[in-house]
Amino acid sequence: MGIEIKPLSAALGAEVIGLDLSRPLDDKTFETLRAAWLEALVLVFRDLHGMSVEQHLAISRRFGRLNTDLKAEKTLDGHPEILVLSTLKKNGEFVGNPGGGQFWHVDLYFERIPAMAGFLHAIEVPSAPGVGDTLFANMYAAYEALAKDTKRRVDGRTNRVSRVKSWPINYPDKPPLTDAQKAAYADVFHPLVRTHPETGRKALFIGDVTAGTVEGLPEDEGDALLRELREFAIQPRFVYTHRWRPGDALLWDNRCTYHAATPFDQNRYRRHMHRTTIMDDRVPV
Ligand code: SIN
């Protein structure tokens, strides 16, 4: 049986039906999947209740090299490639990051070469509707819909990104960065508009706006521009909201999407997920 790719929303996203991810993917099937992913930006797989860590890693590795340097994040014992997002507790401590990514961001935007993709497997999710959803914005569509004048303001502009600046804003509950961590997070520079290395399409690339300073603009003007672009990009017409079911897995293209987990009560709801982060070895931004 061939696989079926069913679009999920006008903004982005497609569900993959009829694919057995418990077996190694042959090259033809993998190419079909990869093409669907480049087109839909986010692929949704359902009912992967029994997907093992090894299977999760194997599928992720078909797409690329995995990140094993998830600084200051909670990873699975013996598996530095698996980021644990979890409200479950062991000995009174969360076993993973309970509320990661609850702001609009691009994974590893504060690195010189941000991630290519994320592959997130939901092992346990709240059954209450709308609790713990994840939102994805289509940054090609957002860029293409910008007014001509705004395109002129952003084309060719560079964003100076400081993890040190955004850390206390995004993680008020986490300890401040140590000097060693600050030194490891040197500022990086990204274009505000990025050309996707595989599709050749242009996408807005703004990351976490609290970390950015637009080069060549007064700071307040640059901050206002970043916020304006974020508000523009997260309009419902560009956004797909994923309501998780247990066993779902999502693969997103981090080079042309923007995503955010929705805040929820971490002490009330059980949400347990594993994420791999797939790196982009082909073309630096
Ligand atoms: C992430 O930002 O990678 C995690 C999103 C989520 O927890 O829904």
Side-chain angles (χ1 to χ4, degrees), residues 69-73 97 99-115 118 135-196 201-239 254-263 277 280 283-285:
D69 182 23
L70 295 160
K71 298 183 184 76
E73 301 281 8
N97 186 346
Q102 293 181 349
F103 51 89
W104 285 94
H105 65 281
V106 165
D107 289 332
L108 304 190
Y109 190 72
F110 46 85
E111 301 279 1
R112 196 178 67 77
I113 303 177
L135 314 175
F136 290 88
N138 181 333
M139 299 303 260
Y140 293 136
Y143 174 72
E144 285 157 13
L146 288 176
K148 275 203 178 99
D149 166 59
T150 314
K151 277 192 180 152
R152 268 196 294 273
R153 284 159 62 215
V154 298
D155 279 328
R157 286 256 175 229
T158 300
N159 195 10
R160 180 188 191 110
V161 183
S162 165
R163 176 72 155 165
V164 176
K165 183 174 159 196
S166 66
W167 183 271
I169 303 167
N170 291 325
Y171 302 112
D173 302 335
K174 285 195 183 183
L177 291 176
T178 61
D179 287 345
Q181 285 171 318
K182 284 184 187 169
Y185 287 130
D187 289 358
V188 297
F189 298 84
H190 295 311
L192 282 184
V193 179
R194 179 182 185 182
T195 302
H196 192 290
R201 292 178 69 187
K202 285 182 171 184
L204 267 184
F205 196 55
I206 51 179
D208 161 17
V209 300
T210 65
T213 307
V214 181
E215 296 269 280
L217 291 182
E219 195 171 341
D220 55 347
E221 206 180 306
D223 287 354
L225 176 61
L226 291 174
R227 283 177 168 71
E228 176 191 329
L229 295 173
R230 176 180 60 187
E231 295 320 305
F232 186 82
I234 65 175
Q235 293 176 82
R237 61 182 161 140
F238 304 127
V239 172
N254 195 52
R255 300 165 292 186
C256 52
T257 59
Y258 199 29
H259 66 280
T262 48
T277 307
D280 204 343
V283 184
V285 289

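Sequential numbering from 1 along the given sequence is applied to the chain's residues. The structure displayed is predicted, hence computed values, not measured ones.
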Taking the side chain as every heavy atom from C-beta outward, state whether [X] and [Y] have any atom pair closer than 4.5 Å.
X: Arg255; Y: Asp280; value: yes
X: Phe205; Y: Val193; value: no
X: Thr213; Y: Val161; value: no
X: Thr210; Y: Asn170; value: yes
X: Glu228; Y: Leu226; value: no

Applying side-chain contact (heavy atoms from CB on, under 4.5 Å), name anything that partners Ala261, two or more places apart in sequence or on another chain.
Gln102
Look at the side chain of [X] and the backbone N and O of [Y], then say whether any donor-acceptor pair between them is shorter than 3.5 Å.
X: Arg157; Y: Glu215; answer: yes
X: Asn138; Y: Tyr140; answer: yes
X: Gln181; Y: Thr178; answer: yes

By ring pair (Phe, Tyr, Trp, His ring centres under 6.0 Å) - contacts of Phe238 (at least two apart)
Phe232
Please name all residues satisfying ring pair (Phe, Tyr, Trp, His ring centres under 6.0 Å) with Tyr143, sequence neighbours left out, ordered by chain then number.
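Scan of Tyr143 (ring pair (Phe, Tyr, Trp, His ring centres under 6.0 Å), adjacent residues dropped) gives none.
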Between Glu144 and Arg201, is there a salt bridge with N-O shorter than 4.0 Å?
yes
Hey, what's the ring geometry for Tyr171 with Phe103, parallel, tilted or perpendicular (30° and 60° as the breaks)?
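Judged by the thresholds at 30° and 60°, the geometry between Tyr171 and Phe103 is perpendicular.
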Is there a side chain to side chain donor-acceptor pair (under 3.5 Å) between Asn254 and Tyr109 once you walk through the steps?
CA-CA 9 Å; Asn254 195 52; Tyr109 190 72; over 6 Å; no
Kindly state whether the ring of His105 and the ring of Tyr258 have centres lying under 6.0 angstrom apart.
no
